[in-house]
**Student:** 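First the structure, which I've put down as structure tokens, then a few questions once you've had a look.
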Amino acid sequence: MLRIAVLTSGGDSPGMNAAIRAVVRKAIYHGLEVIGIQRGFSGFIEADMGPMNLGSVADIIHRGGTVLRTARSEEFKTYPGRTKAYANVARFGIQGLVIIGGDGSFRGARVFHDEFNVPVLGVPGTIDNDITGTDYSIGFDTAVNTVVEAINKIRDTATSHERTFILEVMGRESGCIALTAGLAGGAESIIIPELEFNIDEVCEKLYRGYKRGKLHSIIIVAEGAAGGMEISKVISEKTGLETKVTILGHLQRGGTPSAFDRILASRLGARAVEMLMSGHHKHMVGMMAGEIVTCPLETAFAGKQPIDMDVYNLAAVLSI
Ligand code: ADP
């Protein structure tokens with residue numbers, strides 16, 4: 001193997017740059033050449049790509065986002081689109097491809113491999129942490145820390161004004177950010193799409209706390225479970241308590257990656273290159289129980305990472 005390419009695809013996540021850096025430097029260390037593809041599969045189709053060197057990835061380990069930029073490509077979902085991408089594989093002499101992204105990107109990678117037999121390796125990067133085959137995806141830890149920081153700040157004003165705050169966080173289908181940040185931030189209630197919630201119970205708990213003299217309450221809701229505004233309205237109607245809503249939105253996707261995400265990204269990126277060099281294709285690298293592991297690409301989108309019920313139950317006990 002002489003030349004590989006790397007791209008980032010789908011939603012960006014903090015730590016993707018550290019993964020790009022690891023792929024480029026590990027490959028160069030082993031004497032390979034690296035092509036950087038801009039804007040995910042869109043740039044792949046449009047030949048928006050060029051050689052990378054050690055300097056191309058200097059000073060990026062601490063930056064959020066992705067220097068290769070990312071995109072969603074409808075064209076890559078079509079056979080003619082993927083045929084154009086394959087033409088660039090031949091044109092640029094690409095013998096292996098590292099794709100840093102989420103389960104959608106891995107679906108695309110799998111189809112592309114099956115059609116054109118191009119070796120592909122997936123590196124999980126998504127703040128949602130919903131990919132099976134890895135305990136953690138790159139960016140999740142940073143996003144959780146961002147939410148916890150927001151909870152800390154909201155707590156200050158919630159206490160001063162003796163109010164109930166509702167914090168809406170990202171997670172259309174996954175409550176992983178809400179759950180983890182909710183436990184870390186000491187939220188009173190956590191509402192996630194994976195589990196049915198009973199608004200009366202949420203209200204009762206709030207009211208109990210209020211009667212006990214609790215100065216404030218924080219409720220975390222994942223966007224896929226319900227809208228923060230909607231929850232606020234119902235709670236105010238049912239309890240008479242004043243509630244305020246904060247929707248964190250896209251700021252959860254940005255920011256300097258945590259040390260955990262940088263280390264995870266570095267280890268996964270490097271292992272992806274090793275896998276390609278040793279002829280293991282169509283796999284995803286991940287981390288389980290602290291070890292770097294690999295699994296067939298299909299595993300990444302075969303199911304959905306289940307919610308950790310121990311964490312959910314513990315958060316409920318500790319916020320009683
Ligand atoms: P993520 O990787 O973050 O889950 P998306 O689901 O948006 O993001 O997928 C990223 C891109 O992967 C899509 O824009 C598309 O180009 C490609 N892709 C997704 N699913 C498929 C598929 N079934 N076949 C081919 N390409 C796909």
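Whatever order the structure lists them in is the order used to number ligands and atoms, beginning at 1.
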**Student:** Go through ligand 1 atom by atom and flag the ones less than 4.0 Å from a non-hydrogen atom of Phe76.
**Tutor:** 16 (O), 25 (C), 26 (N)
**Student:** Show the atoms of ligand 1 that are less than 4.0 angstrom away from any heavy atom in Phe41.
**Tutor:** 12 (O), 16 (O), 17 (C)
**Student:** So between Ala85, Ser73, Gly10, whose heavy atom ends up nearest atom 13 (C) of ligand 1?
**Tutor:** Ser73
**Student:** Starting from atom 4 (O) of ligand 1, find the nearest protein heavy-atom neighbour and note its residue, name and distance.
**Tutor:** Gly104 N, 3.0 Å
**Student:** Look at atom 2 (O) of ligand 1 and say which protein heavy atom is nearest, naming residue and atom and giving the distance to 0.1 Å.
**Tutor:** Ser105 OG, 2.5 Å
**Student:** For side chain to side chain donor-acceptor pair (under 3.5 Å), just list the numbers for Asn53 and Ser56, CA-CA rounded to whole Å, side-chain angles, deciding distance to a tenth of an Å, and then say yes or no.
**Tutor:** CA-CA 5 Å; Asn53 55 39; Ser56 319; 3.0 Å; yes
**Student:** Could you say whether the N/O atoms of Arg107 and ligand 1 ever approach to under 3.5 Å?
**Tutor:** no
**Student:** Within a 6.0 Å radius of atom CZ on Phe112, are there more than 12 heavy atoms belonging to other residues, nucleotides or ligands?
**Tutor:** yes
**Student:** Over all heavy atoms of both residues, which pair between Thr8 and Ile20 is shortest? Give the atoms and the distance, please.
**Tutor:** CG2-CD1, 3.8 Å
**Student:** If two hydrophobic side chains count as joined below 4.5 Å and joins carry through other members, does Phe197 share a cluster with Ile235?
**Tutor:** yes
**Student:** Do any nitrogen or oxygen atoms of Gly101 come within less than 3.5 Å of a nitrogen or oxygen of ligand 1?
**Tutor:** no
**Student:** Looking only at protein heavy atoms, which one is nearest to atom 26 (N) of ligand 1, and what is the separation?
**Tutor:** Gly108 CA, 3.3 Å
